[in-house]
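Have a look at the structure below, then the notes.
Keep in mind the model is a prediction, meaning the values are calculated, not measured. Start at 1 with the first residue, then count along the sequence.
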Amino acid sequence: MGSSVYKAIVIVGFISLFHSAFSAAQHRSYLRITSQEFTTLPLDIIVQAIASLFAVMWGVLNVAGNLREIHAAAELNTVKWETQKNLPSFYIFNHRGKALASNYVPSSAVKSDLENLE
């Protein structure tokens, strides 16, 4: 039952907020028609807008339910300590080391692995 009451508060709050915006627009057009200068909105429109804004916020917070804590390290709990520094995305195999050392000959194990890839 509580959730439906809060949903009704949200709906009534949005309707009231829309009504205060419409009243503000009507007040501006009235001032233009009567050739008066706009200084500020009437106090009742301001109070209605603020009250409906707080009603909507309170209703949305209660409709949304309880907030849960976000664990920043939840993904890291499953990773072992030895593999946390292992970042395969930073491995570089084709780099300018070959051009800098012209006498470099890769070892046979690496050479056979490279041949197997091709």
Report all side-chain donor-acceptor pairs from residues 33-43 shorter than 3.5 Å, counting only partners two or more places apart or in another chain.
from: T34; atom 1: OG1; to: Y30; atom 2: O; distance (Å): 2.9
from: T34; atom 1: OG1; to: L31; atom 2: O; distance (Å): 3.4

Exercise. Can you get from L17 to V12 by hopping between Ile, Leu, Val, Met, Phe, Trp and Tyr side chains that sit under 4.5 Å apart?
Worked result: no
For this session: With sequence neighbours excluded, give me every side chain to side chain donor-acceptor pair (under 3.5 Å) pair touching residues 20-29.
Result: none
Problem set entry | Nearest-0.5 Å distance that lies between atom CZ in F22 and atom CD1 in I45 | 11.0 Å
Problem set entry | V10 versus V63, closest heavy-atom pair with distance | CG2-CG2, 4.4 Å
Problem set entry | Shortest non-hydrogen contact from F14 toward V56 | N-CG2, 3.4 Å
For this session: Can you measure from OG (S52) to CZ (F18) and round to the nearest 0.5 angstrom?
Result: 12.0 Å
